[in-house]
S.K.: 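Take this structure, written in C-alpha cells, and hold onto it; I'll ask about it next.
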Amino acid sequence: MTDKTYTISDLAREFGVTTRTIRFYEEKGLIHPRREGQKRLYSAADRVRIKLILRGKRIGLSLQESVEVIDMYDPEHNNREQLHSLINTVGEKRARLLRQQRDIEEMLRGLDEVQQLCEQALVDLA
DNA sequence: ATTCTTACA
DNA sequence: TGTAAGCA
C-alpha cells in the first residue's frame, strides 16, 4: 500500500503534455486511472501506459494502434506475437510514408516544370 | 491553487 | 487538443 501514485498534473509535467491530453486518452479508453473521489490517481502502471502511448504517437501510431500493441503485452511470456504485430504495424507505417514521399517528389517535379515554363515565358517576352 | 465536467473552436 | 466557464 505504498505504491506510488501520481496526480494528473504530475504526469502532465513529466511527459510534457497538458492535463487535457491525459483526460482525453482516458475518454478514448486508453487508460483507467483509479479515482479518489473526483480526483484521478495514476498508478505506476498507468504511468507506463501513458509513456508507451506517447512513444507510439512519436513514431506515428494512432492511439488505437498503440493500444492494440500495448494490450498484447503478456508479462508471463516472450511476447513473440506482440513483437511481430508491432513489426508489421511499423512496416505499414513505413510503406505509407514512403508512398507519401514519392507523391511529394512527384508534385515537386510538377511544380518545377510549371515554374520553368513560366520563367521561360518571361524570357521570351523580353 | 488544482481538478473536474461540459461544450465549443 | 486548446480554451473557457462554473463547480468543488
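Order of the sequence lines fixes the chain letters, A, B, ..., with proteins taken first and strands second; residue numbering starts at 1 for each chain.
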S.K.: Ignoring hydrogens and geometry beyond distance, is a side-chain donor-acceptor pair present between Gln115(A) and Glu119(A) at under 3.5 Å?
M.R.: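 Yes, Glu119(A) and Gln115(A) have a side-chain donor paired with an acceptor closer than 3.5 Å.
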S.K.: Hey, does the side-chain of Arg20(A) have a donor or acceptor N/O within less than 3.5 Å of a partner on the base of dT3(C)?
M.R.: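 It does, because a donor-acceptor pair links the side chain of Arg20(A) to the base of dT3(C) below 3.5 Å.
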S.K.: With both distances kept under 3.5 Å, what pairs with dT2(B), Watson-Crick or G-U wobble?
M.R.: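 Because both required distances fall under 3.5 Å, dT2(B) counts as paired with dA8(C).
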S.K.: Could you state the atom-to-atom distance from CD1 of Ile8(A) to C1' of dT1(C) in whole Å?
M.R.: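 Checked: the CD1 to C1' distance equals 13 Å.
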S.K.: For Glu26(A), which of Arg49(A), Arg35(A), Arg20(A) qualifies under salt bridge (Lys or Arg N to Asp or Glu O under 4.0 Å)?
M.R.: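 The salt bridge (Lys or Arg N to Asp or Glu O under 4.0 Å) with Glu26(A) is passed solely by Arg35(A) among Arg49(A), Arg35(A), Arg20(A).
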S.K.: Taking atom C1' of dT1(C) as reference, at what distance in whole Å does atom CG of Leu54(A) sit?
M.R.: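 Nearest whole value for this atom pair: 13 Å.
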S.K.: Less than 3.5 Å apart, any donor N or O on the side chain of Asn88(A) or Ser85(A) sitting next to an acceptor on the other?
M.R.: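 Side chains of Asn88(A) and Ser85(A): no pair found under 3.5 Å.
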S.K.: Between C1' on dT3(B) and CD on Glu27(A), what's the gap in Å once rounded to a whole number?
M.R.: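 It works out to 15 Å between those atoms.
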S.K.: Specify the separation, in whole Å, of atom CZ of Arg23(A) and atom C1' of dT1(C).
M.R.: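 It works out to 13 Å between those atoms.
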S.K.: Grab the CG-P distance between Leu41(A) and dT3(B) for me, whole Å please.
M.R.: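 So the two atoms are 11 Å apart, to the nearest Å.
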S.K.: For the side chain of Thr18(A), counting heavy atoms from C-beta on, which of dT3(B), dG2(C), dC4(B) is nearest?
M.R.: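 Of the options given, the side chain of Thr18(A) lies nearest dG2(C).
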S.K.: Kindly point out which of dT3(B), dT5(B), dG2(C) is positioned nearest to the side chain of Lys39(A)?
M.R.: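 The nucleotide sitting nearest to the side chain is dT3(B).
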S.K.: OP1 or OP2 of dT5(B) versus the side-chain N and O atoms of Arg35(A): is any pair under 4.0 Å?
M.R.: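 It does, given that an N or O in the side chain of Arg35(A) lies less than 4.0 Å from OP1 or OP2 of dT5(B).
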S.K.: Tell me the interatomic distance from Arg40(A), atom CZ, to dT2(B), atom P, rounded to whole angstroms.
M.R.: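 Atom-to-atom, Arg40(A) to dT2(B), this comes out as 17 Å.
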S.K.: Assess the side chains of Arg23(A) and Thr19(A): does a donor N or O sit below 3.5 Å from an acceptor N or O?
M.R.: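 Present: a donor and an acceptor within the cut-off.
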S.K.: Return the value, rounded to whole Å, for the distance between atom CD of Glu36(A) and atom P of dT3(B).
M.R.: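 That distance rounds to 13 Å.
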S.K.: What is the distance from atom CG of Leu41(A) to atom CD of Glu36(A), rounded to the nearest 0.5 Å?
M.R.: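 Nearest 0.5 Å value for the CG-CD distance: 4.5 Å.
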S.K.: Counting the atoms with a prime plus P, OP1 and OP2 as sugar-phosphate, which does Thr19(A) contact under 4.0 Å by heavy atoms, base, sugar-phosphate, or nothing?
M.R.: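 Thr19(A): no heavy atom of the nucleic acid under 4.0 Å.
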S.K.: Report the distance from atom NZ of Lys57(A) to atom C1' of dT1(C), rounded to the nearest whole Å.
M.R.: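 Atom NZ in Lys57(A) sits about 8 Å away from atom C1' in dT1(C).
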